[in-house]
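The structure appears right after this line, and notes come after that.
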Number of protein chains: 2
Amino acid sequence: MSLELTPVQTVACCSPLTREPLSAPEAEGIAPLLKALADPVRLRLMSLVASHEGGEACVCDLNDAFELSQPTISHHLKLLHEVGLLDREKRGVWVYYRARTEALTNLAALIGGQAK
Amino acid sequence: MSLELTPVQTVACCSPLTREPLSAPEAEGIAPLLKALADPVRLRLMSLVASHEGGEACVCDLNDAFELSQPTISHHLKLLHEVGLLDREKRGVWVYYRARTEALTNLAALIGGQAK
DNA sequence: CCATGACATAGATAGGTGTGAATATTTACA
DNA sequence: TGTAAATATTCACACCTATCTATGTCATGG
């Protein structure tokens with residue numbers, strides 16, 4: 001087991017941006033999360049998965065929503081999975097991605113949160 | 001007056017990510033905002049400015065917080081200003097940046113918001 | 001009017017990123 | 001076993017970006 005934290009694990013432990021200056025290590029832990037979201041395709045992917053019924057969607061559904069090659073979608077999904085924004089589950093031939101809503105909630109609290 | 005909206009103007013008009021799928025134009029409007037935040041230096045700059053007394057800070061203060069050249073900091077500040085996250089005001093020789101907290105609030109609502 | 005200090009801009013460069021084509025892997029099923 | 005379908009991986013490439021150095025602009029004080 002590694003001591004490395006995924007960005008999603010890092011984000012939960014900081015007071016909001018506007019409360020006190022973010023330390024350099026904190027900032028470097030959080031930036032990858034924002035980077036993962038900071039792409040139109042990945043934003044839509046997150047939104048598609050999160051708003052999909054059951055909170056999950058299979059790759060086949062997602063591919064159809066874009067005019068991009070299947071490997072490109074797969075690449076973006078992998079990125080979102082690696083930072084901890086999407087969970088992955090293989091069921092038969094299909095792979096289902098599920099949004100980690102508590103990760104989004106934590107991130108939102110960090111960006112716009114008022115309280116400690 | 002242009003019809004182009006800054007990312008900050010775009011973000012205020014969408015329901016949360018998890019509520020319904022983001023449209024492609026919406027996603028392309030919002031991504032630049034996240035991109036602007038998705039850098040450790042800019043995250044710390046935003047945090048420094050937002051948490052500074054009076055909600056503003058002059059560039060001289062900010063430069064000292066990093067081991068980066070002054071032009072590099074200036075570059076990052078410009079980026080944050082262009083997307084609408086920072087306001088800029090010149091007073092004498094000094095330039096003061098001020099965080100647009102309502103922009104952060106809107107962005108947070110979009111990412112982690114539960115309600116419409 | 002000139003020198004100095006605060007900040008911005010321009011140009012250059014190394015490294016990162018989004019994309020597609022080709023290919024591999026894995027599962028289901030005949 | 002072998003074929004087809006769903007998804008991932010590899011490789012290559014054009015474009016973007018974070019940074020620095022050098023230089024420019026602008027306001028202040030002598």
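Small disclaimer: the values here were computed from a predicted structure and weren't measured. Per chain, numbering begins at 1; letters A, B, ... match sequence-line order.
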(message) Using whole Å, what does the distance between atom P of nucleotide C:dC7 and atom CG of B:Asp64 come to?
(response) 10 Å
(message) Quick check against the 3.5 Å criterion: does A:Thr105 have a side-chain atom that pairs as donor or acceptor with the backbone of A:Thr101?
(response) yes
(message) Can you pull out every disulfide (SG to SG under 2.5 Å) where at least one residue sits in residues 61-108 of chain A? Sequence neighbours excluded, please.
(response) none
(message) Under 4.0 Å from OP1 or OP2 of C:dC7: is there any side-chain N or O of B:Arg88 that close?
(response) no
(message) Whole angstroms only, please: what is the CG-P distance between A:Leu77 and D:dT9?
(response) 11 Å
Considering only nitrogen or oxygen atoms on both sides, find all protein atoms under 3.5 Å from nucleotides 18-21 of chain D and state each distance.
from, atom 1, to, atom 2, distance (Å)
D:dA18, OP1, B:Arg42, NH2, 3.3
D:dA18, OP2, B:Arg42, NH1, 3.1
D:dT19, OP2, B:His76, NE2, 2.3
D:dC20, OP2, B:Ser69, N, 3.0
D:dC20, OP2, B:Ser69, OG, 2.9
D:dC20, OP2, B:Thr72, OG1, 2.7

(message) I need the full list of salt bridge (charged side-chain N to carboxylate O under 4.0 Å, His left out) pairs touching residues 97-108 of chain A, with sequence neighbours left out, sorted by first then second residue.
(response) A:Glu56-A:Arg98, A:Asp87-A:Arg100
(message) Could you check whether any side-chain N or O of A:Glu28 sits under 3.5 Å from a backbone N or O of A:Pro25, counting only pairs where one atom can act as donor and the other as acceptor?
(response) no
(message) At a heavy-atom distance below 4.0 Å, what parts of residues 45-58 of chain A sit against DNA chain C?
(response) none
(request) Provide, to the nearest angstrom, the distance between the CD1 atom belonging to B:Ile73 and the C1' atom belonging to C:dT9. (result) 16 Å
Got a list of side-chain donor-acceptor pairs under 3.5 Å for residues 76-85 of chain B, not counting sequence neighbours?
from, atom 1, to, atom 2, distance (Å)
B:His76, ND1, B:Arg42, NH1, 3.0
B:His81, ND1, B:Leu86, O, 2.9

(message) Working to the nearest 0.5 angstrom, can you tell me the gap between A:Leu33 CG and A:Asn106 CG?
(response) 9.5 Å
(request) Would you please confirm or rule out a distance under 4.0 Å between OP1 or OP2 of C:dA8 and any side-chain N or O of B:Tyr97? (result) yes
(request) Identify the two heavy atoms, one from A:Leu22 and one from B:Ser47, that lie closest to each other, and give their separation to 0.1 Å. (result) N-OG, 2.9 Å
(message) What is the separation between atom OH on A:Tyr96 and atom C1' on C:dT27, rounded to the nearest whole Å?
(response) 13 Å
(request) Enter the inter-axis angle for the ends of the helix from C:dC1-D:dG30 to C:dA30-D:dT1 (five pairs per end, rounded to 10°). (result) 10°
(message) Can you measure A:Glu89 atom CD to C:dT27 atom P for me and round it to whole angstrom units?
(response) 14 Å
With 3.5 Å as the limit, what N/O pairs link the protein to nucleotides 28-30 of chain C?
none

(message) Would you say A:Lys78 places a side-chain N or O within less than 4.0 Å of OP1 or OP2 belonging to D:dT9?
(response) yes
(request) Please collect all salt bridge (charged side-chain N to carboxylate O under 4.0 Å, His left out) contacts where either partner lies in residues 58-75 of chain A, sequence neighbours excluded, each pair once. (result) none
(request) Looking at every strand, decide which applies to A:Phe66 at a 4.0 Å heavy-atom threshold: base, sugar-phosphate, or nothing. (result) nothing
(request) Kindly give the cluster partners of B:Val93, where membership spreads through any ILVMFWY side chain lying under 4.5 Å from a current member. (result) B:Trp94, B:Tyr96
(request) State which residues pass side chain to side chain contact (heavy atoms under 4.5 Å, CB included) with B:Ala38; sequence neighbours excluded, sorted by chain then number. (result) A:Leu34, A:Lys35, A:Ala38
(request) Could you please name the option among D:dA8, C:dT27, C:dA6 that lies closest to any side-chain atom of A:Ser74? (result) D:dA8
(request) Could I get the full list of salt bridge (Lys or Arg N to Asp or Glu O under 4.0 Å) partners for B:Glu89, not counting sequence neighbours? (result) B:Arg91
(message) Taking disulfide (SG to SG under 2.5 Å) as the cut-off, I'd like each qualifying pair that reaches into residues 73-103 of chain A, sequence neighbours left out, listed once.
(response) none
